[in-house]
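A short worksheet on the structure shown next.
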Amino acid sequence: MNALRKQASNLGKQTGLKEFTGKDRVTDAVRALANFYAAQLSLCSKQIPTSYSNARMVHAHMIVSGFRPKSHILNRLMDLYTKSSNLPYARQLFDEIPEPDICARTTFITAYSASGDLKLAREIFNNTPLNIRDTVSYNAMITGCAHNSDGNAAFDLFRDMKRYNFKPDNFTYTSMLSALSLIADHESHCQQLHSEIIKSGTGFVTSVINALISVYIKCASSPHVTPSLLMDAARKLFDEMPHKDEVSWTTVINGYIRNDDLDTASQVFDGMNEKLVDSWNSMISGYTHKGLYSKSLEMSKKMHLLGIKFDGFTYTSLLSACANSKLFLHGKQVHAYIIKTVINPSRDFLFSVNNALITLYSKCGKTDDARKIFDKMPIRDIVSWNSVLSAYVEAIRIEEARLFFTKMPEKNEISWSVMISGFAQNGSGEEGLKLFNQQRSTECQPCDYSYAGAIRSCSAIASLNHGCQLHAQLIQSGFGSSLSASNSLITMYARCGVLEDSHSVFLTMPCLDSVSWNAMIAAFGQHGHGSRAVNLYEEMLKENIAPDRITFLTILSSCSHSGLVDQGQRYFNSMYDTYGITPGEDHYGRLVDLLCRAGKFTEAKTVIENLPINVGAPVWEALLSGCVIHGNMELGIEAAEKLFNLIPSHDGPYILLSNLYGKSGKWTEAARVRNMMRSRGVKKEPACSWIEVDNMVHVFLVDDTKHPEVSEVYGYLEELVFKMRKLGYVPDTKFVLHDMENEQKEHALSTHSEKLAVAFGLLKIPAGVPIRVFKNLRICGDCHNAFEFMSEVVGREIVVRDGKRFHHFRNGKCSCGNYW
DNA sequence: GTAGGGTTAG
């Protein structure tokens with residue numbers, strides 16, 4: 001005791017606090033010490049960057065001084081440890097208490113389950129002798145189970161406590177009601193619990209009614225009930241409540257928002273006499289959630305004008321609205337305001353608001369700024385990590401994403417799915433599938449988003465085999481009706497050439513979103529089924545699904561590839577006039593493509609001259625490829641020059657321009673362009689390309705035999721020429737080889753390209769086995785003709801992948817109709 | 001020492 005008194009006195013001298021000095025009575029010294037520690041710990045919770053290590057020091061100090069903390073000190077320490085993810089220290093803290101009373105136990109049960117370690121919480125609870133248990137500790141344990149999604153355990157505990165004669169109280173019932181939605185057949189259990197509550201006499205307690213309302217609203221979202229009936233039941237409870245508190249109001253408001261009834265939500269909100277932050281937050285987050293971003297900004301402005309102080313939830317929802325609507329400047333203003341006004345934010349606040357800031361910067365394309373926010377955060381949670389990961393993925397900085405992913409201290413299903421999708425989006429299908437398999441060997445099993453990523457990986461490499469397997473596994477895992485996975489299946493089947501399978505996925509989906517419609521329209525378009533694409537688009541409009549930017553890109557391509565010029569133009573005009581979407585350079589590119597393919601160069605030029613934005617690469621590229629199709633030399637050269645400046649490292653413009661020259665028989669110029677491409681070090685130069693003019697097939701090769709791809713092609717070519725001649729195909733065709741090293745040198749040798757040759761090789765596949773050609777080279781007009789010819793000669797269907805597009809050749813005709 | 005609503009990552 002003397003030591004303790006000395007301790008307090010020393011601390012007093014050190015800190016200069018009077019209350020620690022000159023006290024004679026031991027109890028005062030103990031109390032003073034307790035106060036000192038409490039003050040120190042509350043200081044820790046304000047010093048964000050070092051809170052945990054300081055807490056640790058204070059804790060160590062207590063141990064050395066022999067001080068036995070009471071529950072309020074314990075709570076502060078627990079709070080610091082659990083919030084800084086230092087559960088082991090919390091555990092140590094608990095173990096240091098010689099005989100923890102029921103209050104200490106309850107504190108720890110609550111803390112452990114709040115930090116997600118239900119097992120530890122349960123261990124403490126189970127080790128608590130029955131004679132010291134009470135209703136409160138049962139309540140804490142039940143809440144823990146409910147928060148960690150173990151509804152059945154909560155019900156077991158509930159039965160248990162009644163068996164041992166612990167009387168459930170209003171806390172018990174509120175927790176039980178929140179556990180209700182986690183168990184099967186919760187509608188009938190709800191009835192049972194409701195009557196039990198009434199019998200128990202807690203039926204008039206506000207918190208219990210709040211929980212009941214919440215349960216009825218949750219039930220209203222179940223697929224097999226009539227939502228309006230349950231919403232009415234919830235509303236009746238609400239209307240008849242003797243005393244409504246903040247939670248009652250927000251529960252009902254959020255309930256209406258959840259059931260897409262924003263008008264009623266807003267009416268309830270307006271009916272509130274005193275609107276506090278929470279109810280404003282409900283409205284703001286509701287509008288943000290439903291995509292009505294301008295409404296949430298409007299709400300926040302009103303709130304600000306009324307002088308209601310924003311809290312963490314307000315900022316988070318508001319920033320999310322800015323991020324989703326790409327209102328970067330507004331978001332930045334909010335950020336500045338936070339920096340200016342928030343002096344002493346709690347840690348929870350820092351997590352969510354900073355995470356929302358990361359997302360704001362990331363979605364507005366400021367990836368490095370997003371990373372800076374992350375780096376500045378004193379402590380981060382899994383959401384912070386995932387936000388930065390998806391920032392890299394969204395910016396297609398896949399190597400940084402990969403590195404970041406490996407550095408993550410923990411990964412959840414979102415981390416995995418983001419990384420898998422990142423690979424798929426980057427075209428690294430093999431890597432995506434590899435990672436998916438890796439995830440399967442972890443404890444964190446794939447969710448439907450991971451499946452969607454893996455399926456998209458299959459699309460990237462056109463692997464129908466893996467795609468089908470994943471489809472089967474998806475159904476097995478119970479994710480068969482997942483929206484995102486089904487959407488990716490539509491695209492996967494279409495890109496792998498089986499349009500009808502893609503269509504049947506679309507037709508059997510329980511619900512569709514705009515992505516589903518876009519994917520199916522694109523599938524039809526890519527297969528050359530322009531009219532089916534257009535019909536589906538019209539159907540989408542009839543279903544009152546608003547088309548978005550992607551829809552327009554898709555439908556414009558479909559029209560372009562099927563020669564539906566007028567219709568395409570009409571759709572383009574409706575984009576802004578009817579739907580208020582400002583066309584981007586991609587959309588103008590599609591419009592120019594639509595016109596040029598149809599040979600309408602005058603109209604295309606008019607469009608370009610009157611463009612409200614800078615004429616970008618997509619527009620010039622569309623113009624150039626149109627010029628190649630129609631042999632428009634003058635315009636083509638102009639477009640190519642622009643492209644060389646805009647995208648100097650791309651090979652496309654060079655190849656298109658040399659083909660354009662070749663089409664007019666200007667072989668010297670054609671070869672010059674190819675040499676130019678090489679001397680500028682443009683990558684992806686193909687080993688071989690070709691063009692046919694007046695029964696003459698001109699083949700360009702990188703060099704004669706040095707390139708492995710070329711020598712392989714030669715073999716096919718010789719065989720192909722021989723067979724084709726034998727079959728009587730274009731007997732007058734002369735074959736001219738343009739060697740890059742010695743231009744104009746003629747070889748009476750070869751015919752079409754590698755793709756054609758490979759296709760021919762595949763024709764050796766036995767009858768009955770479908771022929772599919774997966775090559776990532778663009779198909780050209782003459783190649784197309786040859787495939788048509790071959791399908792007739794061999795009497796079989798040949799499916800050829802052309803980038804994202806598929807051609808089905810059958811009986812001398814192609815599914816794409818008048819594509820070429 | 002225990003509760004009910006509202007947040008951020010795909």
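Reckoned from all heavy atoms, side chains included, excluding hydrogens, waters and symmetry mates. Here is the naming used below: chain letters follow the sequence lines, and residue numbers restart at 1 for every chain.
- Ring geometry for A/Y315 versus A/Y337: interplanar angle of 30 to 60°, hence tilted.
- No more than 12 heavy atoms of other residues, nucleotides or ligands sit less than 6.0 Å from atom NZ of A/K236.
- The CG atom of A/L319 sits 11 Å away from the P atom of B/dA9 (whole-angstrom rounding).
- For the ring-ring contact (aromatic ring centres under 6.0 Å, His included) test, residues two or more places apart in sequence or in another chain that qualify with A/Y138 are A/F125, A/F166.
- Stacking is found between A/F171 and the pyrimidine-like six-membered ring of the B/dT2 base under the 5.5 Å centre-distance and 30° plane-angle cut-offs.
- We find that CD1 of A/I284 is positioned 11 Å from C1' of B/dG6, with the value rounded to whole Å.
- Taking atom CD on A/E99 and atom C1' on B/dG1, their separation rounds to 18 Å, with Å as the unit.
- Surrounding NZ of A/K332 are at most 12 heavy atoms belonging to other residues, nucleotides or ligands under 6.0 Å away.
- Atom-to-atom, CG of A/N254 to C1' of B/dG4 comes out at 12 Å; the value is rounded to the nearest Å.
- One can find a donor-acceptor pair under 3.5 Å joining the base of B/dA9 and the side-chain atoms of A/N412.
- Side-chain to base pairing of A/T250 with B/dG5: one donor and one acceptor N or O lie within less than 3.5 Å of each other.
- Nucleic acid contact for A/S421: none, since no nucleic acid atom lies under 4.0 Å from a heavy atom of the residue.
- In this structure, the nucleotide among B/dA9, B/dG6, B/dA3 sitting nearest to the side chain of A/S282 is B/dG6.
- Counting only distance, with no hydrogens or angles, the side chain of A/T174 and the backbone of A/A211 share no donor-acceptor pair below 3.5 Å.
- Other residues, nucleotides and ligands contribute only 12 or fewer heavy atoms inside 6.0 Å of the NZ atom of A/K295.
- Atom CD1 in A/I338 sits about 14 Å away from atom P in B/dT8, given to the nearest Å.
- Side-chain N/O atoms of A/T251 and base N/O atoms of B/dG5 include no donor-acceptor pair closer than 3.5 Å.
- Per the geometry, CD1 belonging to A/I109 stands 11 Å off P belonging to B/dT2, to the nearest Å.
- Across residues 138-147 of chain A, A/N139, A/T143, A/H147 each have a non-hydrogen atom less than 4.0 Å from an atom of DNA chain B (numbered order).
- A/D245 comes within 4.0 angstrom of a nucleotide base, judged by non-hydrogen atoms across all strands.
- Among the atoms of the strands shown, base atoms are found under 4.0 Å from some heavy atom of A/I102.
- Using a 4.0 Å heavy-atom criterion, one finds that A/S175 contacts the sugar-phosphate atoms exclusively.
- Closest to the A/S317 side chain, of the nucleotides B/dT7, B/dG10, B/dG4, is B/dT7.
- With distances taken from any side-chain atom of A/S387 to the nucleotides B/dT2, B/dT7, B/dA9, the minimum falls on B/dA9.
- In this structure, A/R105 places its CZ atom 12 Å from C1' of B/dG1, rounding to the nearest Å.
- Interface remark: the A/N281 side chain does not form any donor-acceptor pair with the B/dG5 base, using a distance-only criterion of under 3.5 Å.
- When distances are taken from the side chain of A/T106 to each of B/dG6, B/dG10, B/dG1, the shortest belongs to B/dG1.
- A/V136 comes within 4.0 angstrom of a nucleotide base, judged by non-hydrogen atoms across all strands.
- Looking at A/T316, its side chain has no donor and acceptor atom pair within 3.5 Å of the base of B/dT8.
- Of the candidate nucleotides B/dA9, B/dG4, B/dT2, B/dG4 has the atom lying nearest to any side-chain atom of A/N210.
- For A/I308, the side chain to side chain contact (heavy atoms under 4.5 Å, CB included) test picks out A/V277, A/W280, A/M303, A/L306, with sequence neighbours left out.
- Within 6.0 Å of NZ in A/K275 there are more than 12 heavy atoms belonging to other residues, nucleotides or ligands.
- Taking atom CD1 of residue A/I209 and atom C1' of nucleotide B/dG5, one finds them 15 Å apart after rounding to whole Å.
- Around atom CG of A/N273, no more than 12 heavy atoms belonging to other residues, nucleotides or ligands sit under 6.0 Å away.
- Residue A/S137 has no polar side-chain atom (N or O) positioned under 4.0 Å from OP1 or OP2 of B/dG1.
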